[in-house]
Amino acid sequence: MTTNQVSSIEICATKAGFIMTNRIAKLLSLLVLSLGSTALYAANAIQSIDYSTAHNGTTEIVLTFDAAPGTPAAFATESPPRIALDFPETRNELSERRISVGAGSTAAVSAVEAGGKTRVVVELYRRAAYTTRTEGNKFYVAIADESRVGAQSMAPTTGQSALSHASATVTNVDFRRGPNGEGRVLVSFNKDNIGTDLRKEGNKIVVDIFDVTVAETLPKRLDVTDFATSVNAIETIERAGGVRMEIVTTGAVDHMAYQTGTDYVVEVTEVKPLEEERRKLGQPVEYVGTPLTFNFQDIPVRSVLQLIADVSELNIVVADSVQGSVTTRLVNVPWDQALDIVLQAKGLDKRRQGGVIWVAPTEEIAAREQALEDARIAIEDRQPLVSEYIAINYGNAKDIAALLTDDAKKSKGGGAAAASAGGASKGAEQSGGFLSQRGSVTFDTRTNTLLINDIRPKIDEIKELIALLDRPVDQVLIESRIVIATESFARDLGARFGVSGAYSDSDGNVTGVSGSAQGSDRIINQALANRLSGRGTGFPIGVPSIPEDGLGVLVPSLNDRLNVNLPVTGAAGSIGWAVLGANYILDLELSALESEGRGEVVANPRVITANQREAVIRQGSEVGYTTITATTTGSTTTVAFKPIVMELKATPTITQDDRIFLTLNVKKDELAGFVSVGLSDVPLIDTRELNTAVLVENGQTVVLGGVYEFKSREDLTKVPFLADIPGLGNLFKRKSRSNEKAELLIFVTPKILRQRGKS
């Protein structure tokens with residue numbers, strides 16, 4: 001009788017007996033037969049399915065049985081590509097019907113029991129060759145990776161290399177909802193055999209696609225919430241070395257992926273938690289069994305369990321200690337919920353393994369599980385201790401020993417003692433952590449080796465843990481650019497102007513003018529000399545020769561003749577103009593200066609360091625200077641030095657999403673000049689420094705900081721009133737204007753250096 005044939009069971013009973021329908025009578029007639037039903041089941045059973053992938057892409061599937069399996073009937077299909085193996089007289093005790101593989105040519109493995117046999121189906125991405133073998137109670141299926149075989153056998157010829165090595169492109173990313181509510185992400189390429197790496201990180205499924213680019217028209221993010229699946233969004237990010245695709249999911253999900261030609265498909269399905277896990281979490285259990293209707297009065301518990309076994313089509317084994325009767329009335333209650341109600345009412349519990357349910361009192365089940373645990377511990381205590389020497393490649397043996405046990409730091413081994421002894425260091429026995437109670441771990445610093453003494457299962461676990469931890473640490477290339485740009489502009493305009501002369505009227509009065517009192521004095525003295533010598537009273541022009549009477553000609557010098565003296569200091573050019581009259585001298589000089597300056601200083605420090613390790617790179621010089629210190633006996637001269645360096649300090653931390661958190665200190669010094677302090681010249685240093693922490697994308701260039709300085713100055717020197725005369729006033733003033741700009745920018749570009757395919 002199947003579940004589809006019976007939707008409900010109706011039973012009415014009294015203490016004196018039962019009134020039942022013909023259908024229930026048939027069910028009760030099977031109670032006796034069910035007691036011996038276990039003898040009719042197949043002798044062998046599949047306990048587990050495991051798989052591994054070799055370096056050449058071959059996937060090996062391992063089927064573990066209770067006993068040595070017989071030779072299965074095998075056949076293969078091409079569309080879809082499948083390998084089917086039928087094992088006769090074999091039960092299926094797997095907790096999961098389908099196991100995702102997603103490696104090489106193999107997509108998944110599923111097992112189904114029907115008609116006294118179990119069929120194992122290997123789902124393939126493409127047709128592939130396979131071999132089988134039997135070793136004890138294990139059955140091996142080795143499936144070749146046909147994509148690698150084809151790639152190795154096809155060597156590119158002349159004229160084909162450009163095509164075969166052409167860069168691949170992600171041409172399209174699409175999403176579909178499957179018939180059972182699963183989400184399917186479809187990625188299309190412009191060529192086949194694309195390398196990928198698929199893994200789950202939190203609520204995201206991350207797909208790294210190597211050596212590809214993204215089409216410009218492809219959207220970076222797809223919101224697929226409206227499809228009502230476990231997938232919320234799909235983000236496609238182009239990064240160094242390829243493309244990263246992040247599939248954002250909701251809830252517990254399982255995933256698998258396969259590639260056919262130029263299409264890559266990621267299938268995401270919702271995983272419902274097991275009933276026991278839901279109980280542990282305190283969540284209500286979802287019951288999905290066929291509804292039953294029970295109306296019992298004082299019916300034996302064992303009979304109720306037999307009825308539930310017939311409806312559920314499961315094997316229920318009841319312990320001999322289960323006794324007593326139960327009275328209950330249930331209407332349209334799922335059979336799995338009815339089973340829980342009956343067990344709770346009688347203080348019973350159950351354990352399920354595959355298609356068999358064992359029912360016993362709670363105390364008996366607890367005692368059995370405790371006895372099994374005690375037996376396991378006892379067996380573990382009696383197992384022989386094995387010594388294993390594990391060489392550590394990338395880590396530190398002492399640090400890993402500290403991870404394996406809480407007491408590892410108390411070890412007496414390692415260090416200088418081990419190196420001087422020239423052999424393995426000997427440490428105290430440790431307990432706790434990943435070791436058994438009798439296990440111990442020591443380490444040898446000289447050879448960076450762990451020495452473990454423990455039982456074989458524990459050593460195997462530790463070796464798996466060390467294989468996970470002892471990996472090369474990712475490195476980061478940090479490139480910094482320090483740019484200092486300066487710009488200056490100056491313009492000066494100036495003039496020198498002077499009028500000197502003398503005038504004598506008819507009465508013999510002499511009037512003189514010059515640029516200073518000394519100039520006027522010389523003019524008057526010259527006029528007196530002219531009058532005494534009979535030359536008249538006129539002001540001489542030029543520099544006359546010394547007369548015969550020996551009197552010199554006192555002509556004012558140029559500085560004495562200038563009424564306005566506002567020249568440009570260090571002028572780039574000037575124009576002089578003079579007019580010599582009978583009684584006067586006119587002096588005029590115009591000077592001008594315009595200067596422009598541009599400068600740029602670029603420093604480019606680079607450094608590579610391991611993840612979470614500080615790196616320092618420094619370059620520069622030291623400027624020496626002397627200091628004089630007075631003492632009671634005289635003075636002491638001391639030479640001191642000032643460092644002028646360019647320095648970069650960086651500590652990178654690689655995050656799980658392949659971004660880089662940087663702690664940075666950047667410093668750039670320059671010698672600005674010297675200042676006199678007593679008898680010493682002390683150097684002046686311009687210091688530019690940045691200290692910050694920033695989160696940067698891998699390979700992204702970020703501007704960490706900048707300082708912009710601008711100076712503007714205008715000066716005007718003039719003669720009051722005269723300088724304000726339009727046009728002519730320019731002869732009585734000096735104008736200067738200057739602008740200075742300085743800009744400091746600091747750029748940083750971090751790049752992760754890791755092996756291809758490393759997650």
Side-chain angles (χ1 to χ4, degrees), residues 476-492 568-572 593-609 613-629 637-652 660-694 696 700-715 736-751:
V476 180
L477 169 64
I478 303 171
E479 182 178 0
S480 177
R481 289 182 178 86
I482 306 171
V483 181
I484 305 172
T486 59
E487 182 178 345
S488 62
F489 173 81
R491 175 182 292 170
D492 287 349
V568 174
T569 303
L593 169 67
E594 182 173 316
S595 63
E596 295 182 4
R598 289 183 178 86
E600 185 174 285
V601 178
V602 179
N604 186 204
R606 298 182 183 182
V607 65
I608 296 178
T609 182
R613 292 295 182 93
E614 185 185 49
V616 179
I617 185 171
R618 182 185 296 113
Q619 180 185 2
S621 59
E622 292 187 348
V623 178
Y625 63 97
T626 59
T627 58
I628 300 176
T629 305
T637 303
T638 306
V639 178
F641 293 90
K642 283 280 188 179
I644 302 175
V645 298
M646 175 198 65
E647 183 180 70
L648 170 64
K649 292 183 179 179
T651 303
I660 304 169
F661 183 80
L662 281 175
T663 301
L664 284 168
N665 180 267
V666 183
K667 185 177 181 182
K668 180 69 172 67
D669 296 338
E670 283 187 357
L671 180 63
F674 291 87
V675 60
S676 297
V677 179
L679 300 177
S680 304
D681 289 335
V682 180
L684 294 177
I685 300 175
D686 289 339
T687 300
R688 299 172 178 88
E689 186 173 2
L690 173 69
N691 195 345
T692 185
V694 63
V696 187
Q700 179 186 13
T701 300
V702 61
V703 182
L704 293 182
V707 178
Y708 180 78
E709 297 180 72
F710 178 78
K711 296 180 182 179
S712 179
R713 182 182 180 88
E714 292 187 4
D715 295 322
S736 63
R737 180 167 63 91
S738 63
N739 294 325
E740 293 183 6
K741 299 178 184 178
E743 188 172 9
L744 168 66
L745 294 174
I746 301 176
F747 303 86
V748 170
T749 305
K751 296 179 182 178

Original post:
With side chains defined as the heavy atoms from C-beta onward, is the minimum distance between Thr701 and Val696 less than 4.5 Å?
Top reply: no

**OP:** Mind checking the CZ-CZ spacing from Arg491 to Arg737? Nearest 0.5 Å is all I need.
**Re:** 5.5 Å

Original post:
What are the two closest heavy atoms between Arg606 and Ile617, and how far apart are they?
Top reply: O-CD1, 3.2 Å

Subject >> Nearest-0.5 Å distance that lies between atom CD in Glu709 and atom OG1 in Thr486 >> reply: 10.5 Å

Original post:
Hey, are the side chains of Pro605 and Met646 touching, using non-hydrogen atoms and a 4.5 Å cut-off?
Top reply: yes

Original post:
What are the two closest non-hydrogen atoms of Ile660 and Lys751, and how far apart are they?
Top reply: CD1-N, 4.2 Å

Subject >> For the student: nearest non-hydrogen atoms of Leu671 and Leu684, plus distance >> reply: CD1-O, 3.5 Å

Subject >> Reference residue Glu479; test side-chain contact (heavy atoms from CB on, under 4.5 Å); the match among Val607, Ile608, Asn604 >> reply: Asn604

Subject >> Shortest non-hydrogen contact between Ala693 and Phe661, atoms and distance >> reply: CB-CZ, 3.8 Å

Original post:
Less than 4.5 Å apart, any side-chain heavy atom of Val602 and any of Glu600?
Top reply: yes

Subject >> Spacing of CG belonging to Asn691 relative to NZ belonging to Lys667, to within rounding of 0.5 Å >> reply: 11.5 Å

Original post:
How far apart are the closest heavy atoms of Gly624 and Phe641, and which atoms are they?
Top reply: CA-CD2, 3.5 Å

**OP:** Could you grab the distance from atom OG of Ser736 to atom CZ of Arg713, nearest 0.5 Å is fine?
**Re:** 7.5 Å

Original post:
Would you say the side chain of Leu664 lies within less than 4.5 Å of the side chain of Leu690, judging by non-hydrogen atoms?
Top reply: no

Original post:
Do Pro652 and Thr609 have side chains that get closer than 4.5 Å, going by heavy atoms?
Top reply: yes

**OP:** Check whether any side-chain N or O of Ser480 sits under 3.5 Å from a backbone N or O of Phe747 as a donor-acceptor pair, and report yes or no.
**Re:** yes

Subject >> Between OG1 on residue Thr663 and CD on residue Glu614, distance to nearest 0.5 Å >> reply: 9.0 Å

Subject >> Nearest-0.5 Å distance that lies between atom CZ in Arg688 and atom CD1 in Ile482 >> reply: 10.0 Å

Original post:
Going by heavy atoms in the side chains, are Arg598 and Glu596 under 4.5 Å from each other?
Top reply: yes

Subject >> Distance-minimising heavy-atom pair for Lys642 and Ile685 >> reply: CB-CD1, 3.7 Å

